[in-house]
Student: 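What follows is a single structure, and I will ask about it in a moment.
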Amino acid sequence: MFHLTLSQVAVTVPVSSDLSLRRSAFKAPNLNFWDKSWSPVLTLDLKANSSRLRSQNVVCMSVQQASVPKVSVSPLDLEDAKETPLNLYKPKEPYTATIVSVDRLVGPKAPGETCHIVIDHGGNVPYWEGQSYGVIPPGENPKKPGAPHNVRLYSIASTRYGDFFDGKTASLCVRRAVYYDPETGKEDPSKNGICSNFLCNSKPGDKIKITGPSGKIMLLPEEDPNATHIMIATGTGVAPFRGYLRRMFMESVPTYKFGGLAWLFLGVANSDSLLYDDEFSKYLKDYPNNFRFDRALSREQKNKKGGKMYVQDKIEEYSDEIFKLLDNGAHIYFCGLRGMMPGIQDTLKRVAEQRGESWEEKLSQLKKNKQWHVEVY
């Protein structure tokens, strides 16, 4: 008998279009190209060829030694659209989609809760990487009795093919907004975020009203497949970058073969707050020449001055390299809370001045060249 371990065999797992089966196929924090529930050992009966095998050395090439397999996607006509899909569904006539799954993304020591939410749109609300969906939570707008709630925008955290690679789903990365009274320290549910709590409390099968897609600022430029993309995120701002990276490194897209550099900076509170870390770590392992990943953990790491480590500190740490990449045409993206930008801008300005450059002139040139992409909320 001869044994092959799964780490030595590339296994293709078919993706079902059946919703109930697709639900069970995905767990956000542990997504892998290979189903971990498979038996760790495959036994092959090679008795018929045993005499021939005795005289040969059989070599099993590991997956890491071979080319890394990617996941097939469909329908490929999603690549054919010449115009960016925009506002196919508006607030007055939203599309009613279905919740597929809601998974907690963070560990027990993370401050707050962040969820990965998969929505089935049946292929009727197509989008491109970097766009957003609007969500209208159920209920009545307290400021406009009789009217629905206002639309809340969320960056889409999947590629146009969705988490099941069939073009029928979209994923959102949502942090539950909870309000604590500063005097009592107790939670006040009446002031909690309406839409984020609706999404995080949703169950598979629940209906959800969505609008969009919207946005062009964060679209992934694909004219040059060998370009450099520097992505800077805080918290759930990592959503569009997850979509970029899945397209670059996970999916087999005939029209887009990425051969450049993707460099992700992610700022969160601590290790338990890291989002999609398993996915990103796998890209690091499989594509070390094309992907870099730097984490800024404000409650666990110190910057060079001994203070808390934020993304701007990581940017400063690698500033020479980043500025050289920008000078050579790299795209730089920022996504996250609005409060992230002043600190980042101050850091970039200080670094530019140390290099004898005018940050205002450099920023103007980056914008003119369409290398500068910002989406904050």
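Side-chain atoms are counted along with the backbone in the values below, which use heavy atoms only and exclude waters and symmetry mates.
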Student: Would you tabulate the side-chain donor-acceptor contacts of residues 327-343 under 3.5 Å, counting partners in other chains and residues two or more places apart, or write 'none'?
Tutor:
unit_1	atom_1	unit_2	atom_2	d
Asp327	OD1	Lys362	NZ	2.5
Asn328	ND2	Lys324	O	3.2
His331	ND1	Lys370	O	3.2
His331	ND1	His373	NE2	3.0
Tyr333	OH	His229	ND1	2.8

Student: Once side chain to side chain contact (heavy atoms under 4.5 Å, CB included) is applied, do any residues pair with Asn303, and if so which ones, sequence neighbours excluded?
Tutor: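 Side chain to side chain contact (heavy atoms under 4.5 Å, CB included) list for Asn303, sorted by chain: Lys305, Met309, Asp313.
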Student: When you compare the side chains of Asn197 and Arg176, does any donor N or O come within less than 3.5 Å of an acceptor on the partner?
Tutor: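 Their side chains do contain a donor-acceptor pair, which is all the 3.5 Å distance test asks for.
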Student: Give every residue pair that meets the ring-ring contact (aromatic ring centres under 6.0 Å, His included) criterion with at least one member in residues 90-115, sequence neighbours excluded.
Tutor: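 Non-adjacent pairs meeting ring-ring contact (aromatic ring centres under 6.0 Å, His included): Tyr89-Tyr95.
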Student: Asp163 vs Arg242, test: salt bridge (charged side-chain N to carboxylate O under 4.0 Å, His left out). Steps then yes/no.
Tutor: CA-CA 11 Å; Asp163 280 358; Arg242 180 190 184 246; 3.0 Å; yes
Student: Do the side chains of Leu172 and Val135 get nearer than 4.5 Å, heavy atoms only?
Tutor: yes
Student: Determine, for Glu317 against Lys304, whether the closest basic-nitrogen to carboxylate-oxygen distance falls under 4.0 angstrom.
Tutor: no
Student: If we count only N and O atoms by modelled type, under 3.5 Å, do the side chains of Tyr127 and His121 hold a donor and an acceptor together?
Tutor: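 Their side chains do not contain a donor-acceptor pair, so the 3.5 Å distance test is not met.
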Student: I'd like to know if Arg246 pairs up with Glu129 as an ion pair, taking the criterion as any Lys NZ or Arg NE/NH1/NH2 lying under 4.0 Å from an Asp or Glu carboxylate oxygen.
Tutor: no
Student: My understanding is that only residues two or more places apart in sequence, or in another chain, count here; which of them pass side chain to side chain contact (heavy atoms under 4.5 Å, CB included) with Pro225?
Tutor: Tyr256
Student: State whether the number of non-hydrogen atoms from other residues, nucleotides or ligands found under 6.0 Å of Leu76 atom CG is greater than 12.
Tutor: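 Yes.
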Student: Are Tyr133 and Tyr154 near enough that their ring centres are under 6.0 Å apart?
Tutor: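 That pair fails the under 6.0 Å test.
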Student: Is there a donor-acceptor pair closer than 3.5 Å between any side-chain N or O of Asn270 and the backbone N or O of Ser273?
Tutor: yes
Student: Is it possible for you to check whether Arg292 lies under 6.0 Å from the centre of the six-membered ring of Tyr283, through NZ or CZ, and within 45° of that ring's axis?
Tutor: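 The answer is no, since Arg292 fails at least one limit relative to Tyr283.
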Student: Should Val374 and Val238 be regarded as members of a common hydrophobic cluster, given that ILVMFWY residues are connected when their side-chain heavy atoms come within less than 4.5 Å of each other, either directly or indirectly?
Tutor: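 Result: no, two separate clusters.
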Student: How many angstroms lie between CD in Gln312 and CG in Asp346, if you round to the nearest 0.5 Å?
Tutor: 8.5 Å
Student: Would you say Arg350 has more than 12 foreign heavy atoms packed within less than 6.0 Å of its CZ?
Tutor: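 Yes.
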Student: Counting heavy atoms not belonging to Glu361, are there more than 12 under 6.0 Å from its CD?
Tutor: no
Student: Rest of the hydrophobic cluster containing Leu86 (Ile/Leu/Val/Met/Phe/Trp/Tyr, side-chain heavy atoms under 4.5 Å)?
Tutor: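 Members alongside Leu86: none; it stands by itself.
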Student: Please list every donor-acceptor pair under 3.5 Å in which a side-chain atom of residues 202-211 meets a protein atom from a residue at least two apart or in another chain.
Tutor:
unit_1	atom_1	unit_2	atom_2	d
Ser202	OG	Phe198	O	2.7
Ser202	OG	Leu199	O	3.4
Lys203	NZ	Asn201	O	3.1
Asp206	OD2	Lys203	N	2.8
Lys207	NZ	Thr98	OG1	2.9

